[in-house]
Amino acid sequence: MSSGDPKQNPTPEELANLSQDELAKLGANLDDVDVIYRRNRWPIKDSKSEKRAERQIAFWFALAGLSGLAFVAIFVFWPWEYRTIGEEGYALYSLTTPLYGLTFGLSILSIGIAVVLIAKKMIPEEIAVQQRHDGPSEEVDQKTTVALLRDAYDTSTIGRRGMIKWSAAFGIGAFAVAAPVGLVGGMVKNPWADRDDSPLWRSLWTPDYPGETVYLRRDTGRITDVALVRPEDIDAGGMETVFPFKESWRGDHDALLKSFRHEYSAVMLIHLRAEDANRAVRREGQETFNYGNFFAYSKICTHLACPTSLYEQQTQRILCPCHQSQFDVMQYAKPVFGPATRALPQLPITVNEEGYLVANGDFIEPLGPAFWERPGYRNLES
């Protein structure tokens, strides 16, 4: 290398003959880096404190690997299907999501701690000042940068520490396997495998057999108290949240509890004033879904499945408190404000011979934001 300008680029022949240390120094020089202070972390090889630091790093990488594998095992084998309080298997089901978060989060955290420990305990201490320059990198910059990185790797002594290397491979490898599991794992099971009985096709409002009566039931605060709804129970301009009830559930505590807890059970039963009902626009294909001045809409927002629990009697709007979507009851509960883009599904209702409000069939379109296809849905006005 020429001895003129210290920042002069060497010729290709000189560059090929430079050692790694010389390339590292050249890289610092070309980048206008002044190394003010530099000290190796462990000037005495294989000291007790050095071994202790190595074991600490290896421990966190190993913990990351075990946590990643635990996440995969829990995701694949742990009971995940919904269970209500008191139902067999509820205790294990209630731990599913916390265990997902605990194991996956611990894996990420452990890798982060291990990397921080490497930087604090293995990479040499250094204080350097660099002038910044714009422009593309030349060949000499590329080679010297590689040399600098290689020098950092060698001086950190990671290369001769098998415990850290193997534990890092285990921890990061297990995390790399766990990371996509949560993303694609839910796509492995075919949601349509059971055809008409597939979970996404059905709700608790779906009759279990042709002709089954599904009543509208109010929540009195007591699970076993079956309080059915009559039209005269709700004043004009009023609203009440109702839930499904089937005679086969009577006396079955778990079934009655599930009817309240199921994510798609809640329905808003609205009794419009006569003058408002006369002006209400029915949705195409759903002109007969209301019973007189009574309209029933799913309470599950079509944006992100929050409960649309607010009803403005004066403006005839249903509001979702999560992201402020608003649905106009006077126009088949179509969205008029906020991020929701689909109308709330309407439940067809009527009154049976006993005078109770009942479902006059199932929903004919998707509930909530889960999916977008259902028989007949494409023929409905959005």
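For the numbers below, each heavy atom of this structure counts, side chains included, while hydrogens, waters and symmetry mates do not.
Taken from CG in Leu117 to CD1 in Ile123, the straight-line distance is 12.0 Å, to the nearest 0.5 Å. The distance from the CG atom of Leu204 to the OG atom of Ser265 is 4.0 Å, given to the nearest 0.5 Å. Here Phe59 contributes atom CZ and Ser110 contributes atom OG; the two are 7.5 Å apart, rounded to the nearest 0.5 Å. Note that the CG atom of Leu99 and the OG atom of Ser94 stand 9.0 Å from one another [nearest 0.5 Å]. How far CZ of Arg55 is from CH2 of Trp60: 15.5 Å, rounded to the nearest 0.5 Å. Atoms CG and CG, from Asn278 and Asn293 in turn, are 7.0 Å apart once rounded to the nearest 0.5 Å.
Phe243 does not carry Arg217 over the face of its six-membered ring by the limits of under 6.0 Å from the centre and within 45° of the normal.
The aromatic rings of Phe245 and Trp249 sit perpendicular, their planes meeting at an angle over 60°, well past the 30° parallel limit.
Hydrophobic clustering keeps Met163 apart from Ile57 (ILVMFWY residues linked when any side-chain heavy atoms are closer than 4.5 Å, directly or through intermediates). Linking ILVMFWY side-chain heavy atoms closer than 4.5 Å, directly or via other members, places Val72 and Leu66 in two distinct hydrophobic clusters. By the rule that hydrophobic residues join a cluster once side-chain heavy atoms approach within less than 4.5 Å of another member, Leu69 and Val181 end up as members of separate clusters. Note on Leu63 and Leu109: same hydrophobic cluster, where clusters join Ile, Leu, Val, Met, Phe, Trp and Tyr whose side-chain heavy atoms are under 4.5 Å apart, directly or indirectly. Under the 4.5 Å side-chain heavy-atom criterion for grouping Ile, Leu, Val, Met, Phe, Trp and Tyr, Trp80 is connected to Phe77 within one hydrophobic cluster.
Ring centroids of Phe175 and Phe104 are separated by less than 6.0 Å, placing the two rings close together.
Checked by atom type and distance alone, the side chain of Asn352 pairs as donor or acceptor with a backbone atom of Tyr356 at under 3.5 Å. With Tyr264 contributing its side chain and Leu367 its backbone, the two residues share a donor-acceptor pair below 3.5 Å. Of the possible donor and acceptor atoms, none in the side chain of Trp205 sits under 3.5 Å from a partner among the backbone N and O of Leu347. Looking only at distances, no side-chain donor or acceptor of His271 sits under 3.5 Å from a matching main-chain atom of Gly237. Between the side chain of His323 and the backbone N or O of Ser325 there is no donor-acceptor pair closer than 3.5 Å. With hydrogens and angles disregarded, a donor-acceptor distance shorter than 3.5 Å links the side chain of Ser107 to the backbone of Ala64.
Sorted pairs that involve residues 285-313 and meet salt bridge (Lys or Arg N to Asp or Glu O under 4.0 Å), not counting sequence neighbours, are lacking altogether.
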### Chi angles and distances behind the side chain to side chain contact (heavy atoms under 4.5 Å, CB included) call for Ile234, Leu269
CA-CA 9 Å; Ile234 304 177; Leu269 178 63; 3.3 Å; yes
### Task
Assess whether side chain to side chain contact (heavy atoms under 4.5 Å, CB included) is satisfied between Ile349 and Asn360, documenting all intermediate values.
CA-CA 5 Å; Ile349 58 174; Asn360 194 23; 5.6 Å; no
### Task
Test side chain to side chain contact (heavy atoms under 4.5 Å, CB included) on Trp78 and Leu95 and set out the steps.
CA-CA 9 Å; Trp78 195 270; Leu95 294 174; 4.3 Å; yes
### Task
Could you go through the salt bridge (Lys or Arg N to Asp or Glu O under 4.0 Å) check for Glu54 and Lys165 one step at a time?
CA-CA 10 Å; Glu54 182 179 3; Lys165 288 195 296 184; over 6 Å; no
### Task
I would like to know whether Met268 and Tyr311 meet side chain to side chain contact (heavy atoms under 4.5 Å, CB included); could you show each step before the answer?
CA-CA 9 Å; Met268 301 181 77; Tyr311 171 61; 4.1 Å; yes
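Across all their heavy atoms, Pro307 and Pro321 have their closest contact at O-CD, 3.3 Å. Of all heavy-atom pairs between Ala62 and Phe170, the closest is O-CE2, 3.4 Å. For the pair Cys301 and Leu344, the tightest heavy-atom approach, listed with the atom from each and the gap, is CA-CD2, 4.1 Å. Heavy-atom minimum distance, Lys334 versus Ala343: CA-CB, 3.6 Å. Summarising the geometry of His253 relative to Thr224, their closest heavy-atom pair is CD2-CG2, 4.1 Å, with the distance given to 0.1 Å. Across Tyr332 and Arg282, no two heavy atoms sit closer than the pair CD2-C, 4.0 Å.
Residues Pro79 and Thr96 have side chains not in contact (no heavy-atom distance under 4.5 Å, counting atoms from C-beta outward). The closest side-chain heavy-atom distance from Thr241 to Asp219 is not below 4.5 Å. Put simply, the side chain of Val336 reaches to within 4.5 Å of the side chain of Arg317, judged on heavy atoms. Inter-residue side-chain proximity for Ile223 and Phe260 is flagged as met; some heavy-atom pair is nearer than 4.5 Å. Within the 4.5 Å cutoff, the side chain of Phe61 has heavy atoms near those of the Ile172 side chain. Annotation: side chain of His303 is not in contact with side chain of Arg342 (no heavy-atom distance under 4.5 Å). Within the 4.5 Å cutoff, side-chain heavy atoms of Asp208 are placed close to those of Lys246. Using a 4.5 Å cut-off on side-chain heavy atoms (C-beta onward), Thr103 and Ile74 make contact.
Between the side chains of Tyr215 and Glu354, at least one donor-acceptor pair of N or O atoms lies under 3.5 Å. No side-chain donor from either of Gln316 and Gln331 sits under 3.5 Å from a side-chain acceptor of the other.
By the 4.0 Å N-to-carboxylate-O rule, Arg218 lies close enough to Asp233 to be salt-bridged with it. Between Lys120 and Glu125, none of the side-chain N atoms (NZ, or NE/NH1/NH2) sits under 4.0 Å from a carboxylate O, so this pair counts as no salt bridge.
The number of heavy atoms from other shown groups lying within 6.0 Å of OH (Tyr291) does not exceed 12. Within a 6.0 Å sphere centred on CD of Glu232, heavy atoms belonging to other residues, nucleotides or ligands number more than 12. Within a 6.0 Å radius of CZ in Arg261, other residues, nucleotides and ligands contribute 12 heavy atoms or fewer. Around atom NZ of Lys258, no more than 12 heavy atoms belonging to other residues, nucleotides or ligands sit under 6.0 Å away.
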